[in-house]
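Every chain is numbered from 1, with letters handed out A, B, ... down the list of sequences.
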There are 2 protein chains.
Amino acid sequence: MYSLAEENYLKAIYHLEQEAKGEVSTNAIADRMATKPSSVTDMIQKLADKKLLSYKRYKGALLTPEGRKIAAGVIRKHRLWEVFLVEKLDFHWDEVHEIAEQLEHVHSEKLISRLDQFLGNPDFDPHGDPIPDKHGNIKRTEKKLLSELDKKQRGVCVGVKESSSDFLQYLDKKKITIGTKILVLGKEFFDGSMVIQVGRDQFFISKKIAENLYVQTN
Amino acid sequence: MYSLAEENYLKAIYHLEQEAKGEVSTNAIADRMATKPSSVTDMIQKLADKKLLSYKRYKGALLTPEGRKIAAGVIRKHRLWEVFLVEKLDFHWDEVHEIAEQLEHVHSEKLISRLDQFLGNPDFDPHGDPIPDKHGNIKRTEKKLLSELDKKQRGVCVGVKESSSDFLQYLDKKKITIGTKILVLGKEFFDGSMVIQVGRDQFFISKKIAENLYVQTN
DNA sequence: ACCTATTTTTCGTCTTGGCTAAAAATATTA
DNA sequence: TAATATTTTTAGCCAAGACGAAAAATAGGT
Ligand SMILES: [Mn+2]
Ligand SMILES: [Mn+2]
Ligand SMILES: [Mn+2]
Ligand SMILES: [Mn+2]
């Protein structure tokens, strides 16, 4: 059984590995976890001793299969609890993350398998992120950022990259949620801004918005 | 926001106050928490500094209203989660306590009020223990131990004093659960053992069993 | 190749919540 | 009341996980 701190480090490193593809640096981990590099060094040495990641001084960290499995398990729990909060307790998708940060550390195989079943074995969390199965495998789907679409292309919103409250509330205001169809009416190459159509509404969005919305194109 | 350790101490002291009616001794707390008296002294001094209990050296501890409120809040969460596990996730009543010990420390007012609502605002947990309301008030009901009944008296099982797995599984084997009607056929004064009728079955129970089953007589 | 800036590690320290051993206070019993 | 037993507290120590300051390694620029 791993401690709360260990689980959080593994989770952060797992996410950073996805994003950066390769060794994860001490500073990157410190940034992500809002902690100091010296603390990170201590912890990755400890995790290396436990064979949860491989680490050579000054060379960054890489999860071992075991470390990856632990991390995926924590992420699985986080996302299942988020589904629970939204689907069963009627929470809004911008309110669930902080609570799931706590719930993800409850240790019980049986609890999580029963919860999974209770929720109907969902594949995605309320933000469109895939839920790892009990072995830690994730069903990766084809998705791109809205910002990658060109004029006249269509996409269906399948997820968000950021899930800050501010961003999610912006999306709500614009009536964009998972499953919403989006048509790119125009794209400005100078600043990456777009004009899009959502339902009957047409409006302007900044590059920053377009870079944080995942869409699927068929 | 209080730490996991602080919450567990407050909860233990709360329960000991109920049982013993009066100041709670250092040793009693240490026993209940499977820790050492010296550790208890440290913690109760810390809790006294925070005004969660009153404490004079060598005189034991008594929760302040604030301390009692925190403790009742933790117990409320514990019991609501137990209801969730049994009612929604089909756990057996002997499996839920350990998991609830973890879930009770998740901090979110909104989570617990939504959970309460989702469960239909239950008054009792799966072991028959009353669930405090959001202000920490408990609906106390008239109940006595089965061992207090005399020959020919009837009672309805409304709770268990112990909820160890062994005991609960024993009760299952004997088809006794919350709501079961029990008739005392005989009582041996020498050792406190009884012969009781449950449904169509008649059988012998030891004093230890009778002292851990709460019944209501009408 | 050398100097400098950046990143990472090391070292000493802090807080929380444990522990043991010894001292002090209280309770019991002769 | 005095001696003894029990309970409680104090004092010193430990491990986890954080921190800042200083040292070491690496990366970049010339
Ligand atoms: Mn989340
Ligand atoms: Mn999510
Ligand atoms: Mn319980
Ligand atoms: Mn219970």
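The shortest distance between the side-chain N/O atoms of Tyr9(A) and the OP1/OP2 oxygens of dA16(D) is not below 4.0 Å. The side chain of Tyr2(A) contributes no N or O atom lying less than 4.0 Å from OP1 or OP2 of dA16(D). Look at Asn27(A) and you'll find a side-chain N or O under 4.0 angstrom from OP1 or OP2 of dT8(C). The side chain of Thr26(B) places no N or O atom within less than 4.0 Å of a non-bridging phosphate oxygen (OP1 or OP2) of dT7(D). For Thr35(B) and dC19(C), the shortest distance from a side-chain N or O to OP1 or OP2 is below 4.0 Å.
Taking a 4.0 Å limit (strictly below) on heavy-atom distances, residues 12-23 of chain B does not reach DNA chain D anywhere.
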Would you tabulate the side-chain donor-acceptor contacts of residues 139-149 of chain A under 3.5 Å, counting partners in other chains and residues two or more places apart, or write 'none'?
unit_1    : atom_1 : unit_2    : atom_2 : d
Lys139(A) : NZ     : Asp123(A) : OD1    : 3.1
Glu148(A) : OE2    : Leu145(A) : N      : 2.9

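Residues Asn212(B) and Val160(B) form no side-chain contact, since every pair of their non-hydrogen atoms from C-beta on lies 4.5 Å or further apart.
Of the N and O atoms on the side chains of Ser164(B) and Asp166(B), not one donor lies less than 3.5 Å from an acceptor on the other residue. A donor atom on one side chain and an acceptor atom on the other are not found under 3.5 Å apart for Asp125(B) and His78(B). Side chains of Asp94(B) and His92(B): a donor on one and an acceptor on the other come within 3.5 Å.
Atom pair Tyr55(A):OH and dT10(C):C1' shows a separation of 10 Å (rounding to whole Å applied). In this structure, Lys36(B) atom NZ and dT10(D) atom C1' are separated by 17 Å, rounded to whole Å. Straight-line distance from the CG atom of Leu4(A) to the P atom of dT16(C): 17 Å, rounded to whole Å. The distance between atom CD1 of Ile44(A) and atom C1' of dT10(C), rounded to the nearest whole Å, is 13 Å. Going from atom CD1 of Ile29(B) over to atom C1' of dT9(D) covers 14 Å, rounded to whole Å. Taking atom CG of Asp42(B) as the reference point, atom P of dT20(C) lies 13 Å away to the nearest angstrom. Here the P atom of nucleotide dC19(C) and the CE atom of Met43(B) are 11 Å apart, to the nearest Å. The distance between atom CG of Asp49(B) and atom P of dT15(C), rounded to the nearest whole Å, is 15 Å.
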Completion exercise
Scoring nucleotides 21-28 of chain C by protein non-hydrogen atoms under 4.0 Å (B base, S sugar-phosphate only, - none) yields ---BSS--
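Classification of Arg114(B) and Glu95(A) as a salt-bridged pair fails, no side-chain N sitting under 4.0 Å from a carboxylate O. Between Glu101(B) and Lys11(B) there is a salt bridge, since at least one side-chain N of the basic residue sits less than 4.0 Å from a carboxylate O of the acidic one. The pair Glu98(A)-Lys110(B) fails the salt-bridge criterion, with no side-chain N (NZ, NE, NH1 or NH2) lying under 4.0 Å from an Asp/Glu carboxylate O.
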Exercise for the section: Test Lys56(A) against Glu23(A) for salt bridge (Lys or Arg N to Asp or Glu O under 4.0 Å), laying out the working first. Expected result: CA-CA 10 Å; Lys56(A) 281 190 286 296; Glu23(A) 276 80 14; over 6 Å; no
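In this structure, Lys88(A) fails the cation-pi test against Phe84(B), since its NZ or CZ atom is not both closer than 6.0 Å to the six-membered ring centre and inside 45 degrees of the ring normal.
Thr41(A) comes within 4.0 angstrom of a base, heavy atoms only.
Side chain of Gln45(B), nearest nucleotide from dT10(D), dA18(D), dG18(C): dT10(D).
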